Number of protein chains: 2
Amino acid sequence: MTKRNLTAPRKLVYDIVLQADDHPTAADIIDRLKARGQSVAYATVYNSLRYLTEEGLIHELKLEGKTSRYDGRGEDHAHIVCVSCGKVDEVMTPPPAEWLSKVAEESGYLLTEEQFIFKGECPACRISKQKN
Amino acid sequence: MTKRNLTAPRKLVYDIVLQADDHPTAADIIDRLKARGQSVAYATVYNSLRYLTEEGLIHELKLEGKTSRYDGRGEDHAHIVCVSCGKVDEVMTPPPAEWLSKVAEESGYLLTEEQFIFKGECPACRISKQKN
DNA sequence: ATATAAATTTAAACTAAATCTAAATTTAAA
DNA sequence: TTTAAATTTAGATTTAGTTTAAATTTATAT
Ligand SMILES: [Mn+2]
Ligand SMILES: [Mn+2]
Ligand SMILES: [Zn+2]
Ligand SMILES: [Zn+2]
């Protein structure tokens with residue numbers, strides 16, 4: 001019965017994710033820890049992110065590319081990625097429950113989680129493109 | 001103006017993806033080519049998959065784990081992954097257009113694409129769990 | 001308090017997936 | 001036919017993340 005705790009290094013990682021507003025990668029988190037002079041071993045950052053994700057304290061996002069991003073936001077929400085500048089914004093409008101139950105019925109699955117990723121061009125990029 | 005063609009090796013890769021019904025990975029595709037005696041270099045398979053994806057002939061899926069999967073299905077659709085056996089099923093019920101336009105409005109983005117991933121327990125796994 | 005066991009951290013080696021390089025080859029254009 | 005552009009190839013390289021095994025910290029039992 002492996003016991004698992006929110007230890008000091010895990011708390012450091014957790015704090016970085018909570019304070020971030022930009023869905024940081026593991027590398028981002030390591031950089032920010034270093035910038036604060038809080039030295040945590042490379043592998044410990046990954047261990048901590050895995051722990052925090054498994055405990056449901058944070059969420060792992062697989063958006064573009066191979067690198068995971070982390071999200072400390074509690075409320076369920078989707079994401080939208082700008083295809084031209086890479087920015088990741090929140091999408092707070094929830095999917096209609098009626099659609100979700102239709103999907104559950106169609107698939108026969110017992111749904112436990114969803115990850116919705118939108119892609120498009122962000123307002124800033126749309127404007128700068130018009131100028132050209 | 002780089003010209004890009006559906007060359008012979010690219011066609012071989014394309015055929016594998018079209019014929020597959022299981023969202024194969026690059027490694028799966030290499031194995032299947034080998035099994036057919038069609039030798040295509042490692043890097044060429046990746047080049048081909050990138051080409052086919054950029055041309056919109058196939059779709060790249062980032063589901064669980066780090067490895068991309070490929071989908072030759074033309075119609076827009078979502079996916080559902082079994083959290084206990086890893087199977088990937090299709091979800092053909094489309095999201096309500098009304099939700100999509102609300103998301104476009106909320107975010108200010110010009111939407112170009114969506115990737116919806118559901119997670120849950122598949123019918124087979126639910127049954128085998130009941131037996132225990 | 002002390003001893004013991006379990007959990008966690010650490011640095012470094014390792015792995016897997018994908019990209020990059022530069023030379024060889026094929027295909028298209030002039 | 002000559003030249004240029006695109007593509008393929010084998011192998012090296014990169015990147016993100018995991019694994020290993022030893023050292024350390026924390027928890028539990030006496
Ligand atoms: Mn978010
Ligand atoms: Mn599919
Ligand atoms: Zn943008
Ligand atoms: Zn299953």
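Chain identifiers are assigned alphabetically (A, B, ...) following the order of the sequence lines, protein sequences preceding nucleic acid strands; residue numbering begins at 1 within each chain. As the structure is a prediction and not an experimental result, all values here were calculated from the model.
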Quiz prompt | Donor-acceptor pair, side chain of R10(A) and main chain of Y51(A), under 3.5 angstrom | solution = no

Exercise. Kindly indicate, with the supporting measurements, whether the criterion salt bridge (charged side-chain N to carboxylate O under 4.0 Å, His left out) is fulfilled by E114(B) and K119(A).
Key: CA-CA 6 Å; E114(B) 306 100 38; K119(A) 284 170 199 169; over 6 Å; no

Practice problem: Can you tell me the distance, in whole Å, between the CZ atom of R69(B) and the C1' atom of dA16(C)? | Solution: 15 Å

Exercise. Could you tell me whether the side chains of D71(B) and H77(B) share a donor-acceptor contact shorter than 3.5 Å?
Key: yes

Exercise. In plain terms, say whether R50(B) and E60(B) are close enough for a salt bridge, that is, a side-chain N and a carboxylate O under 4.0 Å apart.
Key: no

Exercise. Report yes if at least one side-chain N or O of T7(A) is closer than 4.0 Å to OP1 or OP2 of dT9(C); otherwise report no.
Key: yes

Self-check item: Q38(B) CD to dT9(D) P, straight-line distance once rounded to whole Å
Solution: 12 Å

Quiz item: Cut-off 3.5 Å, side chains only: do E113(B) and H59(B) have a donor facing an acceptor?
Solution: no

Self-check item: With sequence neighbours excluded, residues passing salt bridge (charged side-chain N to carboxylate O under 4.0 Å, His left out) with D21(B)
Solution: none

Quiz item: Is the distance from OP1 or OP2 of dA16(D) to the nearest side-chain N or O of S68(A) less than 4.0 Å?
Solution: no

Quiz item: Applying the salt bridge (charged side-chain N to carboxylate O under 4.0 Å, His left out) test to D22(A), which of K87(A), R69(A), R32(A) qualifies?
Solution: R32(A)

Quiz prompt | Rounded distance in Å - CG (D28(A)) to P (dT15(D)) | solution = 15 Å

Quiz item: Got a second to check how far L52(B)'s CG is from I58(B)'s CD1, nearest 0.5 Å?
Solution: 4.5 Å

Practice problem: Would you mind reading off the bend of the helix from dA1(C)-dT30(D) to dA30(C)-dT1(D) from its two end axes, five pairs each, to 10 degrees? | Solution: 30°

Quiz prompt | Rounded distance (Å) that lies between atom P of dT27(C) and atom CZ of R10(B) | solution = 12 Å

Exercise. Take atom CG of N5(A) and atom P of dT26(D), then tell me their distance rounded to the nearest Å.
Key: 10 Å

Exercise. Scan residues 40-65 of chain A against DNA chain C and write down, sorted by residue number, each residue with any heavy atom closer than 4.0 Å; if none is found, say none.
Key: V40(A), A41(A), A43(A), T44(A), N47(A)

Quiz item: Between atom CG in L12(B) and atom C1' in dT8(D), what is the gap in whole Å?
Solution: 13 Å

Quiz prompt | Donor-acceptor side-chain pairing of T25(B) and D28(B) below 3.5 angstrom | solution = yes

Quiz item: Of K66(B) and L6(B), whose nearest nucleotide on DNA chain D comes first from the 5' end?
Solution: L6(B)

Self-check item: Whole-Å gap separating C1' (dA10(D)) and CD1 (I30(B))
Solution: 13 Å

